[in-house]
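First comes the structure, then the notes that go with it.
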Amino acid sequence: QERRSRSTAPDLDALEELLIDAGIDVDTTMGILQEVGKSRLLGRPTAEQIITRIRAKLSSVLDLDSTLHVDGSPAVLLVTGVNGAGKTSSVAKLANMLKHQNYKVLLVAADTFRAGAVDQLAILANRVGVPVMRSVEGQDPSSVVFNGLQKAVADRMDVVIIDTAGRLENKKNLISELQKVTRVIEDKFGLPLSETLLVIDATTGENALMQARTFSEAIHISGIILTKVDSGAKGGSIVGIARELKIPVKLVCNGETLLSIKPFDKDDIVNMILL
Amino acid sequence: SVKKAFGGVFDGLRRKGLLSQGDIDAALAEVRVSLLAADVDYRVVKSFIARTREACLDERVLGSMTPGDQVTKVVYEQLVQELGGPGSKGIAITHIPYRVMLVGLQGSGKTTTLGKLALLLKKEGHYPLLIPGDLGRPAAYQQLQKLAADAGVEFFGEHVDTLEDLLRGADRFAREKSLDVQLLDTQGRHEFDAELMDQLRMVVTMYRPDDTLIVLDSMMGSKAIPLSQSFDKVAPLTGAIFTKFDSPAQGGAVLSFKDSIGKPVRYIGVGEHLQDIEYFVPERHAARIVG
Ligand SMILES: Nc1nc2c(ncn2[C@@H]2O[C@H](COP(=O)(O)OP(=O)(O)OP(=O)(O)O)[C@@H](O)[C@H]2O)c(=O)[nH]1
Ligand SMILES: Nc1nc2c(ncn2[C@@H]2O[C@H](COP(=O)(O)OP(=O)(O)OP(=O)(O)O)[C@@H](O)[C@H]2O)c(=O)[nH]1
Ligand SMILES: [Mg+2]
Ligand SMILES: [Mg+2]
């Protein structure tokens with residue numbers, strides 16, 4: 001009798017800890033466990049059954065279109081996010097990926113603030129084998145972007161990827177700067193943004209959801225690049241972001257080499273969270 | 001935020017006049033919830049609440065004319081103790097040469113913070129040397145070189161092949177130029193980067209740092225503590241610097257750090273500019289929390 005209950009009773013506290021430990025925010029975790037628990041009306045579920053239901057729930061929440069859009073002549077991809085998240089590295093990895101798909105890629109070094117930012121992207125561009133539009137310290141990022149687009153059109157590039165400076169979501173002047181950059185691309189220059197990618201560090205806690213909320217309120221965010229999943233962090237913050245904002249993860253980065261990037265795989269991520 | 005939740009609890013208590021043990025328990029239950037919600041480590045919260053409860057059931061609180069104020073004062077005092085006791089614990093240059101090393105996860109803010117520390121030490125009358133010990137990241141050298149120039153401090157710019165040559169060369173350079181404090185930048189790494197963790201072990205043996213500070217991103221959440229414990233095994237820590245404290249993230253790990261690692265939080269980074277560093281002052285942080 002006792003042996004039977006041990007193997008069948010689902011430990012909800014342990015499940016809560018598992019989900020929270022995977023980085024899923026508290027509200028989303030509670031919501032998932034409640035919804036999964038509700039279906040208890042169909043009988044007393046075992047621990048295995050609850051896990052199966054959680055897996056199905058996560059899978060359905062994350063079921064968003066994760067196709068990377070490279071449309072436009074040239075296609076313009078803007079990369080943004082908070083300081084240190086992995087924007088510059090991801091821009092280089094994405095450039096490498098697209099170059100190997102035979103796109104002609106131009107990188108734009110629009111981080112005109114941080115020490116060594118332009119040098120960092122220039123070195124990476126050289127490693128990938130793509131041209132980079134450099135900028136000078138203190139230059140208005142919007143003017144760098146405008147010049148970059150002009151160069152892309154003149155040199156008949158297929159894709160332009162724009163690296164921007166890190167910015168915390170509560171810095172209103174920096175968020176305005178980002179809005180201005182999108183206006184320069186879409187209104188002033190007249191090219192639609194093919195992707196505006198928000199880089200989210202998998203090691204970030206509850207604040208990741210606030211980042212996504214604030215950035216997506218300021219500009220349209222078409223997708224997420226999730227970084228540093230090799231560090232042991234599971235990136236569960238993307239679940240709350242998908243659930244509340246319907247923003248899909250398009251790319252996942254798992255290391256510091258140019259090849260440590262792959263398209264989002266829903267099953268991979270759900271397995272990573274539940275492991 | 002932690003501040004808002006705490007504020008509500010103490011305002012309610014102050015309005016009550018005489019307090020029963022039940023009132024205090026209820027208030028501490030709310031304090032417990034806000035600490036947990038702010039990512040403070042579960043075990044740290046448990047022992048903190050236990051000690052605070054004991055201190056609150058003291059005669060000076062229960063017998064006081066303004067017990068609500070007394071409870072607030074007790075929580076404040078307990079928080080200050082939790083954070084390592086009163087007074088900031090900055091770098092103290094007790095002998096020359098004094099060696100400092102910053103370690104931490106990729107992108108946490110090490111290089112920027114090293115520049116900030118250099119400027120701060122210079123303002124306090126020291127002669128720091130910035131050492132570009134990150135041989136992995138593209139343009140890490142140029143990044144630190146620029147920060148050194150902006151801070152107006154010396155930079156060890158000699159191009160070397162190995163970390164060993166770098167450390168020996170920097171030491172020689174510091175002695176030649178009579179620079180009293182060496183500040184070493186290191187590559188970002190995590191606990192599963194086996195090679196990098198071995199390298200860090202070796203750097204500690206070669207450099208023999210007087211201070212090893214882990215640079216932690218305030219938005220990291222509770223994972224900051226197990227991460228720090230992993231680093232501590234490889235490079236014994238003497239403290240932490242929490243960066244991006246200007247972000248709206250709760251930074252609850254600040255409260256758990258001293259308890260879990262046994263060393264205090266020493267500085268906080270509060271912005272992207274070189275002057276955006278502050279001594280971590282427990283009284284100030286505790287006051288910020290209790291409102
Ligand atoms: N382990 C690991 N490290 C990563 C990953 N992505 C980026 N990094 C590292 O994280 C650090 C910061 O990356 P950057 O690309 O400079 O980040 P950023 O967002 O451009 O930073 P700022 O421009 O300063 O805001 C670097 O050391 C990268 O090598 C990843 O997927 N895994
Ligand atoms: N807002 C804010 N940004 C910060 C703070 N400290 C560092 N940063 C920013 O965080 C980003 C990463 O800083 P770095 O100094 O390059 O980080 P790092 O730890 O050296 O990175 P790696 O060497 O790649 O591991 C940069 O954009 C910095 O300007 C801070 O206290 N506040
Ligand atoms: Mg960058
Ligand atoms: Mg660095």
Side-chain angles (χ1 to χ4, degrees), chain A residues 17 20-23 25-27 81-89 92 113-127 137 165-171 174 199-211 214 227-234 236-237 253-256, chain B residues 36-39 42 104-112 115 132 134 136-151 187-193 196 215-224 226-227 230 243-253 269 271-274:
Chain A
E17 200 173 328
I20 296 210
D21 207 67
D25 67 274
V26 174
D27 286 346
V82 301
N83 307 69
K87 298 176 292 302
T88 306
S89 328
F113 171 74
R114 208 208 70 212
V118 175
D119 289 331
Q120 183 189 6
L121 189 66
I123 291 172
L124 290 170
N126 192 11
R127 278 189 203 169
E137 188 196 348
R167 66 204 68 227
L168 296 185
E169 72 278 16
N170 57 332
K171 305 287 162 113
L174 298 181
V199 179
I200 298 275
D201 185 331
T203 67
T204 299
E206 296 257 344
N207 185 246
L209 180 54
M210 191 188 303
Q211 288 172 20
T214 310
T227 60
K228 307 183 198 170
V229 299
D230 53 310
S231 67
K234 299 183 181 177
S237 58
C253 298
N254 61 347
E256 300 194 77
Chain B
L36 289 173
D39 285 331
Y42 185 82
L105 208 59
Q106 288 91 345
S108 59
K110 298 174 291 300
T111 308
T112 308
D134 180 348
R137 170 169 155 153
Y141 176 102
Q142 292 91 314
Q143 183 182 7
L144 194 63
Q145 182 179 42
K146 172 99 197 349
L147 293 173
D150 289 347
Q187 182 171 354
R189 68 202 76 213
H190 55 68
E191 49 202 311
F192 301 109
D193 284 320
L196 287 177
V215 176
L216 295 166
D217 192 328
S218 296
M219 61 183 85
M220 197 182 177
S222 57
K223 292 262 184 244
L227 178 83
S230 301
T243 61
K244 307 174 206 173
F245 217 68
D246 45 321
S247 110
Q250 300 274 22
E272 299 183 74
H273 295 95
L274 280 177

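Naming convention: chains lettered A, B, ... in sequence-line order (proteins, then strands); numbering from 1 in each chain. Here the structure is a predicted model, which is why all the values come from computation and not from measurement.
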Full working for side-chain contact (heavy atoms from CB on, under 4.5 Å) between A/T203 and B/L105: CA-CA 9 Å; A/T203 67; B/L105 208 59; 3.8 Å; yes

CA sep, side-chain torsions, deciding dist, call: A/L168, B/M219, side-chain contact (heavy atoms from CB on, under 4.5 Å): CA-CA 10 Å; A/L168 296 185; B/M219 61 183 85; 3.7 Å; yes

side-chain contact (heavy atoms from CB on, under 4.5 Å) assessment of A/E137 paired with B/K146: CA-CA 11 Å; A/E137 188 196 348; B/K146 172 99 197 349; 3.3 Å; yes

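No donor-acceptor pair under 3.5 Å is formed between the side chain of B/K223 and the backbone N or O of A/T204. In terms of modelled atom types and a separation under 3.5 Å, the side chain of A/N207 and the main chain of B/P248 share no donor-acceptor contact. Under a 3.5 Å cut-off, the side chain of A/K228 and the backbone N or O of B/Q106 do form a donor-acceptor pair.
Neither the backbone nor the side chain of A/L209 comes within contact range of chain B; no heavy atom of the residue lies under 4.5 Å from a heavy atom of that chain. Proximity to chain A is absent for every atom of B/R189, based on heavy atoms less than 4.5 angstrom apart. Contact of B/Q145 with chain A is not made at all, since no heavy-atom distance falls under 4.5 Å. With a 4.5 Å cut-off on non-hydrogen atoms, B/D150 does not touch chain A at all. Neither the backbone nor the side chain of B/L227 comes within contact range of chain A, judged by heavy atoms closer than 4.5 Å. For a residue to count as touching a neighbouring chain, one of its non-hydrogen atoms must lie under 4.5 Å from one of that chain's; by this rule A/V82 touches chain B with the side chain only.
Of all non-hydrogen atoms in A/I123 and B/A139, the two that sit nearest each other are CD1-N, 3.6 Å.
For the atom pair OG1 of B/T112 and CZ of A/R114, the computed distance is 7.0 Å after rounding to the nearest 0.5 Å.
Shown here are the side-chain contact (heavy atoms from CB on, under 4.5 Å) partners of A/T88, two or more places apart in sequence or in another chain: A/Q120, A/L121, A/L124, A/D163. In this view, B/T111 and B/Q143, B/L144, B/L147, B/D185 satisfy the side-chain contact (heavy atoms from CB on, under 4.5 Å) rule, not counting sequence neighbours.
No other option in B/E272, B/K244, B/Q142 has as many heavy-atom pairs under 4.5 Å with chain A as B/E272.
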